[in-house]
Amino acid sequence: MAEVKTAPAIQEKEPLFGKKEKKLITDPLTDNNPITIQVLGICSALAVTSLVLPSLVISVAVVFVCAFSSLFTSLLRTKIPKSIRMIVQLVIIATLVTIVEMVLKYFSYPVYRQLTIYIGLIITNCIVMGRLEAFAMANKPWRSFLDGIGNGLGYGFILVAIAIIRELFGKGSLFAGSIAEIKIIGASPDYLINTMADGSWFGWYSNNNLMVLPVAAMFIIGIFIWIQRSLNPDLVDIS
Amino acid sequence: MELVNIFLKAAFVENLVLAYFLGMCSFLAVSKTVKTAFGLGLAVIFVLGITMPINWLINEYLLSETGPLGFDFSFLRFILFIAVIASMVQLVEMVIEKVSPSLYNSLGIFLPLITVNCAILGGSLFMVAREYNFSESVAFGLGGGFGWFLAIIAIAAIREKIRYSDVPPALRGLGMAFILTGLMGIAFMSLLGIDPAAFK
């Protein structure tokens, strides 16, 4: 019996962080943004964006949940029967969200009280499940992990941008509720621009109470979509 | 009368979509025509009305410290609630398929999509946070579902009409849907002024 020499399988070199991997992270920030293009994850996003601090917390939580649920789903993707994959995915997500909830409760109880229901809603955040279905079920763990991070960041980026606009014009401050609170414009000497000071150029200014309401987030996202699609006509909705 | 009050409050004053912005993804994605919006709205009423009392029973008898198990299992709440919702949606799907194939066909893919509709899980979490009793949770579930139904029908009708308007190209479709939802949210805010005592 002739000895069959098995040629060493030509391993396709997959760089740990090549061009494709970089694209996985940068694409969701712009042309494939989860919020403005994929319309995923609007649900839990809008209500928290009236202040910057909770938006940051939710963004970090979503990046974490998105990345690790993608990683675990991708690791298990060959073992999960198709008929119960939704329940398996939901259990993975729910476990991670429960971990996030416990960690947040431990570190900052006031923020936890404020966000309690929205942390829970990360489970049904369509970004997480959407990326699991669309990407992690068909790709290798490392790529899925990066895709999770990218989409989490794309979501967080929009979330924080909305929150900065809403908090600045609605309350005149940034990062309210934390030690790093910056008071920018308002009717008292605490603020950088004191609208009530003698000879102030901003005597006409008062906070826009509409910005505090969740509907303001709808308008701001609508305007983001408008700007993004004007700059890049390929993205325009034909229907 | 208390129950009617909770129903009306959940449907109008504290509308899940237009006051809390829950269930937004399917609200924006499925509201292109009134017909599909109608089917999805009915399914949401049904699922909310069923999962709410079941989750109430689970929360009361399995998870709470005063229940038969005598231990505070509230950290399992998310996992159990979402499992109930997923299995209920699966069950509803099978029942509808058996009982009325025509309704099943008209709902199509939107039925399984209800699993990840934040309004359903959000409703259950609100129910826990507000400490409703059993019958109140049923009223809250049905009311919340009805409010969601009304909202999606309304935006679908507006979107069907606005297709013939001269909207800037970059704002067509999704962008306009966001702004419309915002305007509808403002309109629903006027209902906040209703005195709940008027229903008693």
Side-chain angles (χ1 to χ4, degrees), chain A residues 36-47 83-84 86-87 89-91 93-95 97-98 101-102 105 116-130 133 210 213-233 235-239, chain B residues 16-29 32 75-83 85-87 89-90 112-122 124-126 128-129 159 163 167-189:
Chain A
T36 59
I37 305 295
Q38 303 175 42
V39 212
L40 294 176
I42 319 281
C43 335
S44 69
L46 299 179
S83 52
I84 60 157
M86 279 203 166
I87 297 179
Q89 290 166 356
L90 282 172
V91 168
I93 300 170
T95 312
V97 170
T98 311
E101 196 203 9
M102 287 170 164
K105 203 173 180 177
T116 172
I117 196 164
Y118 298 103
I119 290 278
L121 289 178
I122 295 175
I123 297 172
T124 48
N125 192 323
C126 337
I127 291 184
V128 185
M129 190 133 172
E133 280 282 297
L210 179 69
L213 304 170
V215 288
M218 298 305 289
F219 296 133
I220 295 170
I221 295 180
I223 292 167
F224 280 178
I225 291 175
W226 191 0
I227 296 171
Q228 191 183 15
R229 292 187 182 186
S230 306
L231 295 176
N232 188 353
L235 301 172
V236 169
D237 216 340
I238 309 151
S239 65
Chain B
L16 285 171
V17 190
L18 297 171
Y20 289 105
F21 294 91
L22 297 174
M24 218 60 203
C25 310
S26 37
F27 180 79
L28 290 166
K32 279 186 180 150
F75 59 89
L76 288 176
R77 191 176 287 147
F78 292 152
I79 299 178
L80 277 179
F81 278 12
I82 200 76
I85 292 167
S87 45
V89 171
Q90 192 78 52
L113 269 185
I114 299 173
T115 319
V116 283
N117 187 327
C118 335
I120 315 277
L121 184 64
S124 288
L125 296 177
F126 275 134
V128 173
R159 283 182 75 174
R163 201 161 298 149
V167 177
L171 204 53
R172 261 174 219 162
L174 193 59
M176 210 57 216
F178 271 100
I179 290 176
L180 283 174
T181 314
L183 290 173
M184 283 169 68
I186 292 183
F188 259 71
M189 265 158 48

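Quick note: numbers below take in every heavy atom, side chains included, and nothing from hydrogens, waters or symmetry partners. Proteins come first, then strands; the chains are lettered A, B, ... in the order of their sequence lines, and each starts at number 1. Computed from a predicted structure; not experimentally measured.
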Per-residue contact mode, [X] against chain A (heavy atom under 4.5 angstrom):
{"X": "B:L171", "value": "both"}
{"X": "B:M176", "value": "neither"}
{"X": "B:L183", "value": "both"}
{"X": "B:A86", "value": "side chain"}

Where is the tightest heavy-atom contact between A:A94 and B:I82, given as atom of each residue plus distance?
CB-CG2, 4.5 Å
For the student: nearest non-hydrogen atoms of B:I179 and A:G222, plus distance
CG1-CA, 4.2 Å
By side chain to side chain contact (heavy atoms under 4.5 Å, CB included) - contacts of A:S230 (at least two apart)
A:W226, B:A170
How would you list, by chain and number, every residue that makes a side chain to side chain contact (heavy atoms under 4.5 Å, CB included) with A:I227, sequence neighbours excluded?
A:I223, A:L231
Atom CD1 in B:I79, atom CD1 in A:I93: separation rounded to 0.5 Å?
11.5 Å
Any chance you could measure A:M218, atom CE, to B:L18, atom CG, to the nearest 0.5 Å?
9.0 Å
Report the option among B:I186, B:T181, B:L28 that has the most heavy-atom pairs separated by less than 4.5 Å from atoms of chain A.
B:I186
Is chain B contacted by the side chain of A:Q228, its backbone, both, or neither, given a heavy-atom distance below 4.5 Å?
neither
Given a strict heavy-atom distance threshold of 4.5 Å, which part of A:L213 is in contact with chain B: side chain, backbone, both, or neither?
side chain
